[in-house]
Asker: 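Once you've had a glance at the structure underneath, I'll fire off some questions.
Remember, it's a predicted structure, so these values are computed and weren't measured experimentally. Each residue takes its place number in the sequence, starting with 1.
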Amino acid sequence: MIMSPAIVMEYIRFRAKELGLGEAYILRMKHFAIPPQQQLNLHTSKDFYVMIEMPEDLRVESDRGVYDLSELDQSEQEYEHRGTIQISNLFNFTNHLKMIQVIPD
């Protein structure tokens with residue numbers, strides 16, 4: 001499943017305003033390829049990432065929360081991530097994740 005571009009952009013505008021950025025930010029499209037059973041670690045400061053697709057076999061954990069559809073007892077999935085971000089591939093094949101990075105200008 002993929003979020004529509006309009007929803008993602010509206011969410012980013014809202015969050016940037018809420019965080020005091022106004023319209024002073026830069027967007028970067030990120031496409032991560034994570035090898036089987038491996039993880040990728042990102043360290044952010046003032047920027048944040050918004051997932052634009054919802055992969056089934058990835059776990060994304062950050063200071064904001066967790067996205068992991070394999071955790072059946074988890075009642076909420078987080079699509080915005082910041083701080084220390086750990087992306088784990090739970091699958092036996094390379095998996096992909098697309099996100100938009102929002103960088104204060």
Side-chain angles (χ1 to χ4, degrees):
M1 182 174 168
I2 297 175
M3 273 200 235
S4 77
I7 290 172
V8 173
M9 293 310 297
E10 184 61 30
Y11 178 81
I12 289 171
R13 276 192 284 280
F14 172 79
R15 282 297 286 151
K17 185 176 182 181
E18 194 174 60
L19 294 170
L21 301 176
E23 294 184 20
Y25 56 87
I26 300 167
L27 301 179
R28 295 280 186 258
M29 184 69 177
K30 299 289 188 171
H31 182 145
F32 301 105
I34 301 95
Q37 304 296 319
Q38 299 289 316
Q39 66 185 28
L40 172 67
N41 295 308
L42 305 172
H43 302 283
T44 69
S45 56
K46 295 180 181 183
D47 52 334
F48 63 93
Y49 287 78
V50 178
M51 296 172 57
I52 58 173
E53 57 186 12
M54 296 76 193
E56 295 181 18
D57 297 315
L58 284 176
R59 176 182 176 87
V60 182
E61 187 170 357
S62 73
D63 298 345
R64 279 275 297 161
V66 175
Y67 172 90
D68 186 348
L69 295 179
S70 71
E71 284 196 21
L72 301 177
D73 62 344
Q74 187 171 323
S75 62
E76 182 178 0
Q77 303 293 329
E78 184 63 50
Y79 297 92
E80 176 189 331
H81 296 278
R82 64 186 322 169
T84 300
I85 304 170
Q86 184 178 60
I87 304 167
S88 302
N89 184 355
L90 308 174
F91 200 49
N92 291 325
F93 299 97
T94 297
N95 214 332
H96 298 265
L97 177 63
K98 294 178 185 172
M99 303 174 90
I100 294 179
Q101 181 183 17
V102 182
I103 306 164
D105 190 17

Asker: Between N92 and Q37, is any pair of side-chain heavy atoms under 4.5 Å apart?
Answerer: yes
Asker: What pairs meet the ring-ring contact (aromatic ring centres under 6.0 Å, His included) rule with one or both residues in residues 26-45, with sequence neighbours excluded?
Answerer: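 Residue pairs with at least one partner in residues 26-45: H31-H96.
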Asker: How far does CG of L90 sit from CD of Q39, to the nearest 0.5 angstrom?
Answerer: 10.5 Å
Asker: Might you point out which heavy atoms bring P35 and T94 nearest each other, and give the distance in Å?
Answerer: CA-OG1, 4.0 Å
Asker: Mind jotting down which residue pairs meet the ring-ring contact (aromatic ring centres under 6.0 Å, His included) criterion with at least one end in residues 46-70? Sequence neighbours excluded, please.
Answerer: Y67-Y79
Asker: List the residues meeting side chain to side chain contact (heavy atoms under 4.5 Å, CB included) with L27, not counting sequence neighbours, and say none if there are none.
Answerer: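 Expected list: M9, I12, Y25, I100, V102.
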Asker: Taking all heavy atoms of I87 and all of L42, pick out the closest pair and write down the distance.
Answerer: CD1-CD1, 4.1 Å
Asker: At what distance, to the nearest 0.5 angstrom, does CE of M99 lie from CE of M29?
Answerer: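 Here the interatomic distance stands at 10.5 Å.
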Asker: Any donor and acceptor pair, going by atom type alone, linking the side chain of E53 with main-chain N or O of K98 inside 3.5 Å?
Answerer: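 Side chain of E53 to backbone of K98, a donor-acceptor pair under 3.5 Å: yes, one is there.
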Asker: Can you name the side chain to side chain donor-acceptor pair (under 3.5 Å) partners of R82, sequence neighbours left out?
Answerer: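 Counting only residues at least two positions away or on another chain, R82 forms no side chain to side chain donor-acceptor pair (under 3.5 Å).
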Asker: With ILVMFWY side chains joined below 4.5 Å, transitively, what does F93's cluster contain besides itself?
Answerer: F91
Asker: Quick one: CD1 on I26 to CG on D105, what's the gap to the nearest 0.5 Å?
Answerer: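 Output value for this atom pair is 4.0 Å.
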Asker: Which residues satisfy the side chain to side chain contact (heavy atoms under 4.5 Å, CB included) test with S62, sequence neighbours excluded?
Answerer: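 S62: side chain to side chain contact (heavy atoms under 4.5 Å, CB included) contacts with R64, H81, I85.
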Asker: Taking side chain as C-beta onward, heavy atoms only, is M51 less than 4.5 Å from M3?
Answerer: no
Asker: Examine distances only and state if a side-chain atom of D47 and a backbone atom of S45 form a donor-acceptor pair shorter than 3.5 Å.
Answerer: yes
Asker: Grab the two heavy atoms, one from L72 and one from L69, that are nearest each other, plus how far apart they are.
Answerer: CD2-O, 4.5 Å
Asker: For the atom pair CD (E61) and CD (E78), what is the distance rounded to the nearest 0.5 Å?
Answerer: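 The distance works out to 12.0 Å.
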Asker: Looking only at atom types and distance, does a side-chain atom of Q77 sit under 3.5 Å from a main-chain N or O of D68, one as donor and one as acceptor?
Answerer: yes
